[in-house]
Amino acid sequence: MQRFTQNVVAVIQAIPKGKVTSYGRVAALAGNPRGARQVSRYLHSLSEKYDLPWHRVVNAAGKISLPKGRGYEQQRALLEDEGVVFSGSRSIDFSVFLWEPVSHPDGQLMVPQP
DNA sequence: CTCGTGACTCCCG
DNA sequence: TCGGGAGCCACGA
C-alpha cells in the first residue's frame with residue numbers, strides 16, 4: 001500500500017467524533033491536494049477493513065455526496081447521532097463542525113514528512 | 001501496458 | 001445561483 005493511501009486512512013481515523021471534513025482536505029492532509037477522488041474510493045473500499053468513520057467525510061460544500069437510498073440517509077443519521085447539525089436541511093455548517101487539525105507545537109496531526 | 005471509473009474540486013460563463 | 005467541463009490519480013480488469 002502506498003504512503004498516500006496509508007495517510008488517508010490515518011487522517012480519516014483522526015477525525016474526532018462530532019466533526020467532519022471534506023474529501024479534498026483529507027487528501028491534502030494526506031499529502032496530495034489533488035487526490036480528493038482517491039479519497040472517495042478509499043472510503044468505498046477500505047472503510048470496513050480499517051474501520052473508518054467514513055460518515056465524517058463530506059464534499060467541499062458541506063453536503064453528503066451519496067445519493068438518497070445509496071447511503072445518504074445512513075450517513076446523515078450517523079452524523080446527527082454525533083451532534084452534527086444539517087442547516088437548511090441539507091448542508092453542514094463548516095464554521096461549526098469542520099475539523100481543523102491546525103498546526104500545533106505538539107498537537108500536530110501525524111502527517112508524514114515530505 | 002492501456003483503459004475506464006469515480007461518495008471530488010476548481011474555474012468560468 | 002447553477003451547470004458544464006477539465007484536471008487529477010490510484011486501482012482493478
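Chain A is the first sequence line, chain B the second, and so forth, proteins listed ahead of strands; every chain is numbered from 1.
- Heavy atoms of A/Thr5 sit under 4.0 angstrom from primed sugar atoms or phosphate atoms, though from no base atom.
- The residue from A/Val8, A/Val11, A/Ile12 that alone fulfils the side-chain contact (heavy atoms from CB on, under 4.5 Å) condition with A/Leu29 is A/Val11.
- Remark: P of C/dC9 and CG of A/Asn7 are 16 Å apart, rounded to the nearest angstrom.
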**OP:** Evaluate the criterion side-chain contact (heavy atoms from CB on, under 4.5 Å) for residue pair A/Arg25 and A/Leu98; output intermediate values, then yes/no.
**Re:** CA-CA 10 Å; A/Arg25 293 186 82 103; A/Leu98 177 64; 3.8 Å; yes
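- The side-chain contact (heavy atoms from CB on, under 4.5 Å) test with A/Thr21 is passed by exactly one of A/Val58, A/Ile15, A/Val39: A/Ile15.
- The existence of a salt bridge linking A/Glu82 and A/Arg56 is confirmed by a sub-4.0 Å separation between a basic side-chain nitrogen and an acidic carboxylate oxygen.
- Looking at heavy atoms from C-beta onward, A/Pro67 lies out of side-chain contact with A/Tyr72 at the 4.5 angstrom threshold.
- Here the C1' atom of nucleotide B/dA7 and the CD atom of A/Glu73 are 14 Å apart, to the nearest Å.
- Proximity of a side-chain donor or acceptor of A/Gln13 to a complementary backbone N or O of A/Tyr50 within less than 3.5 Å is detected.
- Formation of a donor-acceptor pair under 3.5 Å by the A/Gln75 side chain with backbone atoms of A/Val57 is found in this model.
- One atom, CD of A/Glu48, and another, P of B/dA7, lie 16 Å apart when rounded to the nearest Å.
- Regarding A/Lys63, its NZ atom lies at a distance of 8 Å from the P atom of C/dC2, rounded to whole Å.
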Tabulate atom names and distances for all N/O pairs under 3.5 angstrom spanning the protein and nucleotides 2-5 of chain B.
from	atom 1	to	atom 2	distance (Å)
B/dT5	O2	A/Arg41	NH2	3.4

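- What separates NE2 of A/His44 from C1' of B/dG6 is a distance of 9 Å, to the nearest Å.
- Listed by first and then second residue, the side-chain hydrogen bond (donor to acceptor under 3.5 Å, both in side chains) pairs involving residues 58-70 of chain A are A/Asn59-A/Ser65 (not counting sequence neighbours).
- The cationic atom of A/Arg76 (NZ for Lys, CZ for Arg) lies less than 6.0 Å from the six-membered ring centre of A/Phe86 and within 45° of the ring axis.
- Between A/Ser65 and B/dC8 there is a side-chain polar atom (N or O) within less than 4.0 angstrom of OP1 or OP2.
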Return the polar atom pairs (N/O with N/O) between nucleotides 5-8 of chain C and the protein under 3.5 Å, or none.
from	atom 1	to	atom 2	distance (Å)
C/dG7	O6	A/Arg37	NH1	2.8

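- Contact annotation: A/Ser22 side-chain N/O to B/dT9 OP1/OP2 distance is under 4.0 Å.
- Between the P atom of B/dA7 and the CZ atom of A/Arg90 lies a distance of 19 Å, rounded to the nearest Å.
- The nearest whole Å value for the distance from the CZ atom in A/Arg3 to the P atom in C/dA10 is 12 Å.
- A straight line from OH of A/Tyr23 to P of C/dA10 spans 19 Å, rounded to a whole angstrom.
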